[in-house]
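Below is one structure, written out as structure tokens; the observations come after it.
Just so you know, these numbers use all the heavy atoms, side chains as well, and skip hydrogens, waters and symmetry mates.
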Amino acid sequence: MKSSRDFLLGFITGVVAGILTAPKSGQESRQWIQDEADKRTKDLQDQWNKGVEQVKTQVEQVKSQVNQWTGKLQDESETKKEKFNDTVDNLANKAHSGVDSAKQSFKVD
């Protein structure tokens, strides 16, 4: 980290020294610096905007995938619930039939 900072500081110092010693007038040098700063700022803004768009796209993809999984889980849950209810109903009917059958066998005419 420190070596990167030192490199960047040295690079900037070299660029500034080169600009100040260049055979251009002060007005031309200042205009060149302003133009370069504007260009770099625009480049950084463009890169930032691209990054933001990529993140938004990824978030939308994740949302879509989660919604698909949620829907699938809800469908599976509903199917299992219906099967469970059918099984309980069948068992209740069999128990009811068994009780009726037992009542019939104990009746004395």
Side-chain angles (χ1 to χ4, degrees):
M1 180 80 172
K2 185 177 178 185
S3 63
S4 297
R5 184 179 48 142
D6 291 342
F7 172 77
L8 186 58
L9 182 60
F11 178 76
I12 291 171
T13 303
V15 169
V16 170
I19 291 170
L20 295 176
T21 60
K24 293 182 181 179
S25 70
Q27 178 76 22
E28 289 174 314
S29 295
R30 285 190 297 275
Q31 185 61 47
W32 182 82
I33 291 170
Q34 181 65 45
D35 292 344
E36 284 298 311
D38 290 344
K39 181 180 172 185
R40 301 297 176 216
T41 301
K42 184 178 179 329
D43 289 346
L44 286 173
Q45 286 175 338
D46 290 345
Q47 288 178 358
W48 176 263
N49 291 336
K50 285 180 186 177
V52 167
E53 286 303 315
Q54 288 176 345
V55 168
K56 285 180 181 179
T57 300
Q58 299 242 336
V59 166
E60 289 303 317
Q61 288 174 349
V62 168
K63 282 182 181 178
S64 175
Q65 189 68 41
V66 167
N67 288 337
Q68 287 177 356
W69 290 340
T70 302
K72 188 174 181 179
L73 288 173
Q74 286 174 339
D75 291 344
E76 288 177 10
S77 174
E78 190 62 34
T79 300
K80 291 191 185 288
K81 178 180 160 186
E82 288 172 6
K83 286 181 181 178
F84 177 78
N85 287 339
D86 289 345
T87 302
V88 169
D89 288 343
N90 287 337
L91 288 173
N93 288 338
K94 287 180 183 178
H96 192 270
S97 294
V99 169
D100 286 344
S101 215
K103 284 181 182 178
Q104 290 294 329
S105 64
F106 286 112
K107 280 190 178 179
V108 180
D109 288 326

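- The pair Glu60-Lys56 fails the salt-bridge criterion, with no side-chain N (NZ, NE, NH1 or NH2) lying under 4.0 Å from an Asp/Glu carboxylate O.
- For Asp35, the side chain to side chain donor-acceptor pair (under 3.5 Å) partners at least two apart in sequence or on another chain are Gln31.
- Atom CD of Glu36 is separated from atom CD of Gln34 by 11.0 Å, given to the nearest 0.5 angstrom.
- Other members of the hydrophobic cluster containing Phe84, listed by chain and number, are Val88; membership follows side-chain contacts under 4.5 Å among ILVMFWY residues, whether direct or relayed.
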Output a table of donor-acceptor pairs, distance under 3.5 Å, between side-chain atoms of residues 66-80 and any protein atom two or more places apart or on a different chain; print 'none' if there are none.
{"unit_1": "Asn67", "atom_1": "ND2", "unit_2": "Lys63", "atom_2": "O", "d": "3.3"}
{"unit_1": "Thr70", "atom_1": "OG1", "unit_2": "Val66", "atom_2": "O", "d": "2.7"}
{"unit_1": "Thr79", "atom_1": "OG1", "unit_2": "Asp75", "atom_2": "O", "d": "3.0"}

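- Shown here are the side chain to side chain donor-acceptor pair (under 3.5 Å) partners of Asp100, two or more places apart in sequence or in another chain: His96.
- Scanning for side chain to side chain donor-acceptor pair (under 3.5 Å) contacts around Gln54 gives an empty result, with sequence neighbours left out.
- Under the side chain to side chain contact (heavy atoms under 4.5 Å, CB included) criterion, Leu44 pairs with Gln47, sequence neighbours left out.
- Atom CG of Asp43 and atom CG of Asp38 lie 11.0 Å apart (nearest 0.5 Å).
- A search for salt bridge (charged side-chain N to carboxylate O under 4.0 Å, His left out) contacts involving Lys42 returns Asp46, not counting sequence neighbours.
- Under a 4.5 Å side-chain heavy-atom criterion applied to ILVMFWY residues, the cluster that includes Val59 comprises Val55 as well.
- Here Trp48 is tied into one hydrophobic group with Val52, each link being a pair of ILVMFWY side chains closer than 4.5 Å.
- Asn49 is linked by a side chain to side chain contact (heavy atoms under 4.5 Å, CB included) to nothing, counting only residues two or more places apart in sequence or in another chain.
- In this structure, the side chain to side chain contact (heavy atoms under 4.5 Å, CB included) partners of Gln27, at least two apart in sequence or on a different chain, are Ser25, Arg30.
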